[in-house]
Colleague: 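Right, I'll just put the structure down here and ask away after.
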Amino acid sequence: MRWSKTLLCTLREDPKDAEIVSHKLMMRAGLLVKLEGGLYSYSPLGVRVLHKVENIVREEMDRAGASEVLFTALQPISLWEESGRAGIMGKSMFRLRDRNDDTMVLGPTHEEVATDYLRTLASSYRQLPVTVYQIQTKFRDEIRPRFGLMRCKEFVMKDAYSFDIDSDAADISYQKMYDAYLRIFRRCGLDAHPVEADTGAIGGNHSHEFMVLAPSGEDGILHCPSCRYAANQERAERRAPPCDWATPSAEPRARVATPGAHTVDEAAAALGIASDQVVKSLVYLADGKPVMVLLRGNADLCEPKLRRALGCSEVEMADPETTARVAGPFGSIGPIGVSIPVYADNALKEARDVAVGAGEEGFHVVHCNLMDDPDVKIARWEDLATVVAGDRCPRCGEPLELARGIEVGHVFKLGVKYTKTMGFSVLDAAGKSVTPVMGCYGIGVSRTVQAIAEQNNDKDGIVWPAAVSPFQVALLALDPKNPEVAAAVDALESALEKAGADVLVDDREERPGIKFKDADLIGCSVRVTIGARSLEKGGAEVRLRRTGETTLLPLDAVPARVAELLAAN
RNA sequence: CGGAGUGUAGCGCAGACUGGUAGCGCGUUUGGUUCGGGACCAAAAGGUCAAGAGUUCAAAUCUCUUCACUCCGACCA
């Protein structure tokens, strides 16, 4: 492709809207054009990267035995009512009406459509296992789109769905996808790590996310340096920290004035004890019903854990009025004598001598024995605390480390959640009707593009891995009007393309400095420069973007050298 | 939805407190000199100052309302 024949515009300065490095660089390199928040057009350059990632995904899905299909983006709401997700996905699903006034949705995901597709086609165990996948535009009315392609209202996703006759077979399908994901991200030049994850609105009982480590990532990841345990912070577990007050106090339970103390730290200071010895009591609304949560004073509640523990679909902190009504004023909440269900974090199991809010402004109760106090009714003990850096690994006990990650892929074991509710069954070998076991597997393709840029850049611009570089080679014609240069560029372009490389020829009438800067910014893996000067010295200059390593070669030796560099990068 | 911030030329910004005919840099166009790491000189084009209402002789500037975008939280590939 000739630069002069396409509309490629680079930006000299960072756009004001962009916050993270990949977003800035993709905008500056002219890969994206913003239409609105969460909506971006791909330029001729950007769409090439997208297609390259798509093709890697396609090849690895095919290799793993999945079959490509294409579902519709537009779906009838009735499918979602059938699965029971119309409510759960409700707010993030774009809805519209057709001319018959029927409600349609723009698919945020395709579990329902996939299940419907299978139930219309499959009726025998002999047709299973089967895994279908598609690369589709998804629509989600995101609460907050951000960071360019990272979180968009419209984005490209690869989603796959496996159907198996039983759970053991489903595990095999899951593992195939898991392995394929590792290969896909490796081929994209990404360092992506599988971590145990929460299943969220998709549902199911087991899932892994594939995380690209980056400080700008939206998720916290706890990982253990000694045993390789890794989990999303929404789900990570820990061994309960040691407890220094596991023996009941000799003193009786007592009400103590703590005027003005509203936080755990203030209460601890007023009482002259460690903040961890003060129980943090929170009132939450679980699907609208108030519940109390107890944690150690220095722990934070992990809301997804609470949601899972309670089996509800939404939890939120209760408003001050509700809190005051069921448990006393903010800052003095406590579990003694409350009538709502109380859920306590496992780390409090040994607590025999702690302080709690008295349920009354300005008072706390000390020497409370949570386990045995007749006025404290713990409905259930659960793992509810957010795990933080330094907490002990649930597997091996070593301290965990915290990192940030970008979620580029997610694999789920769904069980029979959709197949059962949507009435998909097949006959097994004995002629008995069975409900197939399902898995689903997503890759955020457009997000992956940006994650690659986030992980592969330097002060001059993006450094695309060769497999996804918009063009593998940027061929700079430093003086396109010089006939010798033009002839050499033409010849080399053909030779490179014949050798299987794709080439962007910068034939603009610009000064050399501009071409070098733009080439660095766009980040094609290999740069080949031809100018009067290089011809005088005997050929063309070949430079690897990632290292800056440069060699001057005779023109006919260039294609082989380029191929060598591309293969190694 | 809650909290914070920003809207002025294609892009990045100043001007606002103290109201008085719209500025700078980059980019764009034309001419010239340059030409291997974002050149220089000269000339030019380009703006209902986010929108609406109000105050005023006069509003980018003061007041109110609305909208959009960005950031922090809940949602997720």
Side-chain angles (χ1 to χ4, degrees), chain A residues 9-20 23 27-28 30 33-39 57 88-93 108-110 135-160 181 197-202 209-212 218-219 232 234 303-304 307 313-317 319 406-412 440-451 460-461 476-482 485 509-521 527 529-537 541 543 548 550 552:
Chain A
C9 300
T10 57
L11 270 40
R12 193 180 288 238
E13 289 167 288
D14 288 336
K16 188 177 49 162
D17 296 2
E19 205 70 21
I20 65 175
H23 188 196
M27 297 300 291
R28 283 190 54 205
V33 175
K34 177 171 162 177
L35 179 61
E36 234 196 35
L39 295 174
V57 169
I88 300 169
M89 293 297 281
K91 282 169 272 177
S92 61
M93 204 151 57
T109 174
H110 283 72
I135 295 174
Q136 234 309 4
T137 301
K138 307 284 188 189
F139 300 86
R140 290 187 190 167
D141 194 355
E142 286 290 340
I143 297 167
R144 182 152 88 84
R146 59 178 145 183
F147 298 154
L149 296 185
M150 284 297 178
R151 183 173 296 281
C152 278
K153 289 181 179 165
E154 177 177 334
F155 60 99
V156 177
M157 175 164 149
K158 184 286 303 178
D159 47 325
Y181 274 35
D198 182 42
T199 55
I202 304 283
E209 288 166 335
F210 288 77
M211 289 289 189
V212 171
E218 296 184 275
D219 293 278
N232 191 303
E234 293 180 339
E303 294 184 6
R307 197 185 60 227
S313 58
E314 206 174 318
V315 296
E316 57 175 334
M317 191 174 270
D319 53 281
I406 300 163
E407 182 188 0
V408 288
H410 202 157
V411 293
F412 300 78
C440 78
Y441 316 92
I443 288 180
V445 178
S446 40
R447 179 183 286 179
T448 297
V449 168
Q450 193 171 330
D460 295 314
L476 310 195
L478 285 200
D479 183 3
K481 281 195 167 162
N482 177 322
V485 170
E509 290 185 23
E510 291 288 356
R511 296 166 60 81
I514 289 181
K515 297 193 179 190
F516 289 136
K517 289 288 185 191
D518 277 345
D520 285 347
L521 181 58
R527 187 185 87 192
T529 307
I530 298 181
R533 190 178 300 182
S534 77
L535 289 178
E536 220 169 89
K537 284 196 270 184
E541 185 186 284
R543 178 183 165 106
T550 307
L552 186 76

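Please read all numbers here as calculations on a predicted model, not as lab measurements. All chains are named by letter (A, B, ...) in the order of the sequence lines, taking the proteins before the strands, and each is independently numbered beginning at 1.
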Colleague: Just name whichever nucleotide pairs with B/rC11, Watson-Crick or G-U, keeping both distances under 3.5 Å, else none.
Modeller: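 When the pairing criteria are applied, B/rG25 turns out to be the nucleotide that pairs with B/rC11.
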Colleague: Using every non-hydrogen atom in the two residues, find where A/Pro15 and A/Arg28 come nearest and quote the distance to one decimal.
Modeller: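 Of all heavy-atom pairs spanning A/Pro15 and A/Arg28, the closest is CD-CG, 4.1 Å.
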Colleague: If you look at every strand shown and take non-hydrogen atoms under 4.0 Å, does A/Gly531 touch a base, only sugar-phosphate, or nothing?
Modeller: base
Colleague: Can you check whether A/Arg533 reaches A/Leu478 side chain to side chain, under 4.5 Å on heavy atoms?
Modeller: no
Colleague: Take atom P in B/rA51 and the same atom in B/rC67, then report the distance between them in whole Å.
Modeller: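 The answer is 15 Å between these two P atoms.
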Colleague: Please report, rounded to the nearest Å, how far the P atom of B/rC1 is from the CG atom of A/Asp141.
Modeller: 12 Å
Colleague: Quick check against the 3.5 Å criterion: does A/Thr529 have a side-chain atom that pairs as donor or acceptor with the backbone of A/Leu476?
Modeller: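 No: the side chain of A/Thr529 does not pair with the backbone of A/Leu476.
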Colleague: How does protein reach along nucleotides 24-29 of chain B, written 5' to 3' as B (base within reach of a heavy atom under 4.0 Å), S (only sugar-phosphate), or - (no contact)?
Modeller: -BSS--
Colleague: Is there a donor-acceptor pair closer than 3.5 Å between any side-chain N or O of A/Glu234 and the backbone N or O of A/Asp198?
Modeller: no
Colleague: Let me spell it out: for each of A/Lys34 and A/Asp14, pick the nucleotide of RNA chain B with the closest heavy atom. Which residue's pick is nearer the 5' end?
Modeller: A/Asp14
Colleague: State which of B/rG36, B/rG38, B/rC75 makes the closest approach to the side chain of A/Glu541.
Modeller: B/rG36
Colleague: Can you tell me the distance, in whole Å, between the CZ atom of A/Arg144 and the C1' atom of B/rG73?
Modeller: 8 Å
Colleague: Rounded to whole angstrom units, what separation is found between the NZ atom of A/Lys481 and the C1' atom of B/rU34?
Modeller: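 My rounded result for the distance is 14 Å.
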Colleague: Quantified in whole Å, what is the P atom distance between nucleotide B/rU21 and nucleotide B/rA60?
Modeller: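 10 Å, rounded to whole Å.
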Colleague: Have a look at A/Asp219 and say if it touches a base, only the backbone sugar-phosphate, or nothing, with a 4.0 Å heavy-atom cut-off.
Modeller: base
Colleague: Pick the C1' atom in B/rC1 and in B/rC24, then give their distance to the nearest Å.
Modeller: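 The same atom, C1', in both gives a distance of 40 Å.
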Colleague: Quantified in whole Å, what is the C1' atom distance between nucleotide B/rU63 and nucleotide B/rG38?
Modeller: 46 Å
Colleague: Indicate, yes or no, whether a donor-acceptor pair under 3.5 Å links the base of B/rG37 to the side chain of A/Arg527.
Modeller: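 Under the 3.5 Å cut-off, the side chain and the base do form a donor-acceptor pair.
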Colleague: Applying a 4.0 Å non-hydrogen cut-off, can you work out what A/Glu316 is touching in the nucleic acid: base, sugar-phosphate, or nothing?
Modeller: nothing
Colleague: Could you check which of B/rC13, B/rG36, B/rA77 has an atom nearest any side-chain atom of A/Phe412?
Modeller: B/rA77
Colleague: Shortest non-hydrogen contact from A/Glu303 to A/Val315?
Modeller: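 Distance-wise, the nearest heavy atoms are O-CG2, 3.8 Å.
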Colleague: Mind checking who B/rG37 pairs with, Watson-Crick or G-U wobble, both distances under 3.5 Å?
Modeller: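 The answer is none; no pair meets the criterion.
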Colleague: Excluding sequence neighbours, so at least two apart, what forms side-chain hydrogen bond (donor to acceptor under 3.5 Å, both in side chains) with A/Thr10?
Modeller: A/Asp518
Colleague: Which base, if any, makes a Watson-Crick or G-U wobble pair with B/rA42, both distances under 3.5 Å?
Modeller: B/rU30
Colleague: Return the minimal non-hydrogen interatomic distance between A/Ile406 and A/Arg447, and the atom names on each side.
Modeller: CG2-CD, 3.9 Å
Colleague: If the C1' atom of B/rU8 is compared with that of B/rG15, how far apart are they to the nearest Å?
Modeller: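 To the nearest whole Å, 9 Å.
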Colleague: Let's see if you can work this out: which of B/rG12, B/rG38, B/rC76 has an atom nearest to the side-chain heavy atoms of A/Arg151?
Modeller: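 Per side-chain heavy atoms of A/Arg151, the pick is B/rC76.
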Colleague: Mind checking if A/Glu209 touches a base, just sugar-phosphate, or nothing, with heavy atoms under 4.0 Å?
Modeller: nothing
Colleague: In the strands shown, is B/rG2 matched to any nucleotide by a Watson-Crick or G-U wobble pair with both distances under 3.5 Å, and which?
Modeller: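 Answer to the pairing question: B/rC72, which forms a Watson-Crick or G-U pair with B/rG2.
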Colleague: My understanding is that a pair needs two contacts under 3.5 Å, Watson-Crick or G-U wobble. By that rule, which nucleotide pairs with B/rC17?
Modeller: none
Colleague: Where the side chain of A/Asp17 is defined as all heavy atoms beyond and including C-beta, which of B/rC1, B/rU8, B/rU70 is the nearest nucleotide?
Modeller: B/rU70
Colleague: Should A/Phe155 be counted as stacked on B/rA77, where stacking needs a ring-centre gap under 5.5 Å and an angle between planes under 30 degrees?
Modeller: yes
Colleague: Heavy atoms only: give me the nearest A/Gly409-A/Tyr181 pair and the separation to one decimal.
Modeller: CA-CE2, 4.2 Å
Colleague: Taking CG from A/Leu476 and C1' from B/rG38, how many angstroms apart are they, rounded to a whole number?
Modeller: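 Nearest whole value for this atom pair: 14 Å.
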Colleague: Is there side-chain contact between A/Arg140 and A/Arg151, with at least one heavy-atom pair below 4.5 Å?
Modeller: no
Colleague: According to the Watson-Crick and G-U wobble definitions, with both distances under 3.5 Å, which nucleotide is paired to B/rA53?
Modeller: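 Result: B/rU63.
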Colleague: Could you say whether A/Thr448 or A/Gly148 is positioned toward the 5' end of RNA chain B, judged by the nucleotide with the nearest heavy atom to each?
Modeller: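 Nearest-nucleotide comparison on RNA chain B picks A/Gly148.
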Colleague: NA contact type, A/Ser534, heavy-atom cut-off 4.0 Å: base, sugar-phosphate, or nothing?
Modeller: base
Colleague: Between A/Ala451 and A/Val408, which heavy-atom pair has the shortest distance, and what is it?
Modeller: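 Result for this residue pair: CB-CG1, 3.8 Å.
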Colleague: Between the base of B/rU70 and the side chain of A/Arg146, is one N or O donor paired with an acceptor at under 3.5 angstrom?
Modeller: no
Colleague: Please check the phosphate of B/rC75 (OP1 and OP2 only) for any side-chain N or O of A/Arg307 closer than 4.0 Å.
Modeller: yes
Colleague: Using atom C1' of each nucleotide, how far apart are B/rG10 and B/rA45 to the nearest Å?
Modeller: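 Between the two C1' atoms, the distance is 13 Å.
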Colleague: Please state the P separation for the pair B/rC49 and B/rG31 - nearest whole angstrom.
Modeller: 33 Å
Colleague: Can you tell me how far P of B/rA39 sits from CG of A/Leu478, to the nearest Å?
Modeller: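 After rounding, the reported distance stands at 14 Å.
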Colleague: Checking all strands, does A/Asp479 fall into the base, sugar-phosphate, or nothing category for heavy-atom contacts under 4.0 angstrom?
Modeller: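 Touches nothing.
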Colleague: State whether A/Arg140 places a side-chain N or O below 4.0 Å from either non-bridging phosphate oxygen (OP1 or OP2) of B/rC76.
Modeller: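 Result: no.
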Colleague: Between B/rA9 and B/rU55, how far apart are the two C1' atoms, rounded to whole Å?
Modeller: 29 Å
Colleague: Please confirm whether any donor atom in the side chain of A/Glu218 sits under 3.5 Å from an acceptor in the base of B/rA77, or the reverse.
Modeller: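 Under the 3.5 Å cut-off, the side chain and the base do not form any donor-acceptor pair.
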Colleague: Between atom CZ in A/Arg533 and atom P in B/rG37, what is the gap in whole Å?
Modeller: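 Going from A/Arg533 (CZ) to B/rG37 (P), I get 7 Å.
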Colleague: What's the closest nucleotide to the side chain of A/Thr529 if the choices are B/rG38, B/rA39, B/rG36?
Modeller: B/rG36
Colleague: For A/Phe147, report the nucleic acid contact type (base, sugar-phosphate, nothing); a contact means any heavy atom under 4.0 Å.
Modeller: sugar-phosphate
Colleague: When the distance from NZ of A/Lys515 to C1' of B/rA39 is rounded to whole Å, what number comes out?
Modeller: 15 Å
Colleague: In whole angstroms, how far is the C1' atom of B/rC71 from the CE atom of A/Met150?
Modeller: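 In whole Å, B/rC71 C1' and A/Met150 CE are 16 Å from each other.
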Colleague: Can you name the closest pair of heavy atoms from A/Tyr441 and A/Lys158 and give their distance?
Modeller: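 In this case the closest contact between A/Tyr441 and A/Lys158 is O-NZ, 3.1 Å.
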